[in-house]
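The structure appears right after this line, and notes come after that.
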Amino acid sequence: MTRQKDLKRLVRARMQKTGEAYTAARANIIKKPITLAAAAAAAVPEPAVDYAKVAGMSDAVIAEKTGCSWERWTYALDRHKAYELSHADIAKLVKEKYKTDSWWTQTVTVGYERIKGLRTKGQQRNGTFGMTKSRTFNVPVDVLFEAWKNPRARKRWLDGERVRVRTSIPNKSMRLDWTDGAIVAVGFLAKGDGKSAVALEHSKLPDKETADRLKQYWSERLDALGAELQRE
């Protein structure tokens with residue numbers, strides 16, 4: 001048992017140093033036996049991790065919305081060895097095992113992946129980059145969804161950008177094919193009292209600079225969407 005714990009510590013240390021995923025770091029370490037010196041070094045207590053800072057969302061918010069802090073989510077998902085799973089499989093585990101809705105399933109999944117060193121902020125599991133943006137509007141969720149679904153309405157606030165809706169679930173989610181081959185995943189959430197929110201992830205981007213540029217672009221487009229909804 002002690003040797004297994006030492007191995008895990010060595011794997012996490014290599015992940016932080018090289019940026020490798022857990023499985024890759026583990027495979028490289030077990031190619032050679034763990035020496036007594038390496039095991040002793042791994043046995044040194046690790047510094048406390050600020051889970052909320054690494055995940056990118058406060059403990060107060062994630063606990064309010066999901067019932068668990070980041071430390072408890074990490075402990076629970078580690079018990080299922082979620083660090084060895086793909087992004088899609090972690091999301092499936094979170095949703096089916098812990099009954100989270102789609103909106104918070106993705107938040108928990110991405111936060112956990114950051115905590116475990118499987119991705120950095122803005123980076124995807126496959127090494128490409130992405131960006132996220134969200135906004136709340138004073139309209140019902142069906143009105144907000146229609147502003148994205150309707151091609152004519154979408155073209156107005158997207159400033160003429162031509163995209164194709166790949167899949168959609170009414171008032172819940174949508175996936176768009178972007179003009180450069182990237183994908184935009186969009187989630188919708190009813191917030192009551194005539195309010196709703198949209199959160200998007202623009203993924204498969206080549207570098208951080210592109211992600212930063214698109215973050216500014218989407219901030220401007222969501223401003224335009226808000227103005228469009230006010231006119232209607």
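Residue numbers count from 1 along this sequence.
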Here the salt bridge (Lys or Arg N to Asp or Glu O under 4.0 Å) pairs for residues 158-168, sequence neighbours left out, are Arg164-Asp177, Arg166-Asp177
The complete set of salt bridge (Lys or Arg N to Asp or Glu O under 4.0 Å) pairs with one or both residues in residues 126-137, sequence neighbours excluded, reads Arg135-Asp223
dist His202:NE2 -> Leu214:CG (nearest 0.5 Å) comes out at 5.0 Å
Contacts satisfying salt bridge (Lys or Arg N to Asp or Glu O under 4.0 Å) that involve residues 53-79 (not counting sequence neighbours) are Asp78-Lys116
So salt bridge (Lys or Arg N to Asp or Glu O under 4.0 Å) across residues 207-218, not counting sequence neighbours, yields Lys208-Asp212
Worksheet entry | Hydrophobic cluster identity match, Leu118 and Val110, side-chain contacts under 4.5 Å | no
Output for pair (Met131 CE, Leu205 CG), nearest 0.5 Å, gives 8.5 Å
Residue set satisfying side chain to side chain donor-acceptor pair (under 3.5 Å) with Ser86, at least two apart, ordered chain then number -> Asp89
Across all chains, not counting sequence neighbours, the side chain to side chain donor-acceptor pair (under 3.5 Å) partners of Arg231 are Glu228
Sorted by chain and residue number, the side chain to side chain donor-acceptor pair (under 3.5 Å) partners of Thr107 (sequence neighbours excluded) come out as none
Sequence neighbours excluded, the answer for side chain to side chain donor-acceptor pair (under 3.5 Å) partners of Ser168 is Lys149
Sorted by chain and number, sequence neighbours left out, side-chain contact (heavy atoms from CB on, under 4.5 Å) with Ala197 holds for Trp103, Thr136, Lys191
Sorted by chain and residue number, the ring-ring contact (aromatic ring centres under 6.0 Å, His included) partners of Trp157 (sequence neighbours excluded) come out as Trp148
Is it true that Leu85 and Tyr75 fall in one hydrophobic cluster, defined by side-chain heavy atoms closer than 4.5 Å? no
Applying ring-ring contact (aromatic ring centres under 6.0 Å, His included) to Phe145 and not counting sequence neighbours gives Phe188
Across all chains, not counting sequence neighbours, the ring-ring contact (aromatic ring centres under 6.0 Å, His included) partners of Tyr98 are Trp73
